[in-house]
Amino acid sequence: VDLELAETDFGNAGIGAVAAMPQLVKLNLWLTQVDDQGVKSLAGKTNITSLNLDNIPAVTDASIDTILTLPDLTFLHLGKTSVSSEGIQRLTGLKKLEKLHVTNLGISDDVLQKLRDEMTALKDLVN
C-alpha cells in the first residue's frame, strides 16, 4: 500500500513493476533516478493518492500529463524538479488534491494564487 523508495538508486528499470502493484496507494520516489519516462509508467493508476517526486531534476513538464491521469491524488510533491510555472498551473485538473509542495521551483505568487482559487480541495500549498 505504501512504498518508500526514497534516497535509493531506484530508476526507470523498476518502475513498471511498481506500477503493476494493484494496491499501491502511496509512492515516495524522493531523490531517486526516475525521470519523465519512468513517471509515464504510472499513467492511469487511479488508486495512487500520494506521490512524492521531490528532488528529481529529471522530472519536467512532460510528467504533468501523466500526473493528471491520477485523479485521486491528495498529496503531490514536485519540489526540486524541473517542472515550470506553466506545468504547475496545469495541476488545477486534480480536483481531489489537498496538499501540494512546489518548493524550490520559483513559482510566482500569481500562479500560487491561481491554484488556491481554482483548486477547491487544496488545503496546504507549500512553496
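Model, not experiment: these values are computed from the prediction.
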Measure the spacing between [atom1] of [X] and [atom2] of [Y] and express it to the nearest 0.5 Å.
{"X": "Ile107", "Y": "Ser84", "atom1": "CD1", "atom2": "OG", "value": "7.0 Å"}
{"X": "Leu78", "Y": "Leu51", "atom1": "CG", "atom2": "CG", "value": "7.5 Å"}
{"X": "Asp61", "Y": "Ile67", "atom1": "CG", "atom2": "CD1", "value": "9.5 Å"}
{"X": "Leu100", "Y": "Leu125", "atom1": "CG", "atom2": "CG", "value": "5.5 Å"}
{"X": "Asp2", "Y": "Ser50", "atom1": "CG", "atom2": "OG", "value": "7.5 Å"}
{"X": "Trp30", "Y": "Asn52", "atom1": "CH2", "atom2": "CG", "value": "8.5 Å"}

Under 4.5 Å between any side-chain heavy atoms of [X] and [Y], yes or no?
{"X": "His101", "Y": "Phe75", "answer": "yes"}
{"X": "Leu29", "Y": "Ile15", "answer": "yes"}
{"X": "Leu97", "Y": "Met119", "answer": "yes"}
{"X": "Leu42", "Y": "Leu27", "answer": "yes"}
{"X": "Leu105", "Y": "Ile88", "answer": "yes"}
{"X": "Val126", "Y": "Val102", "answer": "no"}
{"X": "Thr81", "Y": "Pro57", "answer": "no"}
{"X": "Leu5", "Y": "Asn28", "answer": "no"}

Exercise. Passes side-chain hydrogen bond (donor to acceptor under 3.5 Å, both in side chains), Gln113 versus Asp117? Steps please.
Worked result: CA-CA 6 Å; Gln113 189 58 51; Asp117 292 344; 2.8 Å; yes
Looking only at atom types and distance, does a side-chain atom of [X] sit under 3.5 Å from a main-chain N or O of [Y], one as donor and one as acceptor?
{"X": "Asn47", "Y": "Val25", "answer": "no"}
{"X": "Thr32", "Y": "Ala6", "answer": "no"}
{"X": "Thr74", "Y": "Thr49", "answer": "yes"}
{"X": "Lys123", "Y": "Thr120", "answer": "no"}
{"X": "Asn12", "Y": "Asp35", "answer": "yes"}
{"X": "His77", "Y": "Gly79", "answer": "yes"}
{"X": "Asp36", "Y": "Thr60", "answer": "yes"}

For this session: Decide, yes or no, whether a salt bridge links Lys96 with Asp72 under the criterion of side-chain N to carboxylate O below 4.0 Å.
Result: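 Salt bridge between Lys96 and Asp72, a charged N being under 4.0 Å from a carboxylate O: yes.
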Problem set entry | Charged N-O contact under 4.0 Å between Asp65 and Lys40 | no
For this session: Decide yes or no on side-chain contact (heavy atoms from CB on, under 4.5 Å) for Lys26 and Leu3, but give the supporting numbers first.
Result: CA-CA 6 Å; Lys26 294 181 180 179; Leu3 185 57; over 6 Å; no
Problem set entry | Pair Leu53-Val39, side-chain contact (heavy atoms from CB on, under 4.5 Å): steps then yes or no | CA-CA 9 Å; Leu53 299 172; Val39 172; 4.2 Å; yes
Ignoring hydrogens, what is the shortest heavy-atom contact between [X] and [Y]? Give both atom names and the distance.
{"X": "Val59", "Y": "Ser63", "result": "CG1-OG, 3.7 Å"}
{"X": "Leu68", "Y": "Arg90", "result": "CD2-O, 3.5 Å"}
{"X": "Ser85", "Y": "Gly106", "result": "OG-O, 4.3 Å"}
{"X": "Leu70", "Y": "Gly44", "result": "CD2-N, 4.2 Å"}

Exercise. For Asn127 and Thr103, what are the C-alpha separation, side-chain angles and deciding distance, and is it a side-chain contact (heavy atoms from CB on, under 4.5 Å)?
Worked result: CA-CA 4 Å; Asn127 183 18; Thr103 51; 5.9 Å; no
For this session: Indicate if Leu31 and Val83 have the same hydrophobic cluster label, given that clusters are the connected sets of ILVMFWY residues with side-chain heavy-atom separations under 4.5 angstrom.
Result: no
Exercise. Is it the case that more than 12 heavy atoms not belonging to Lys45 sit under 6.0 Å from its NZ atom?
Worked result: yes
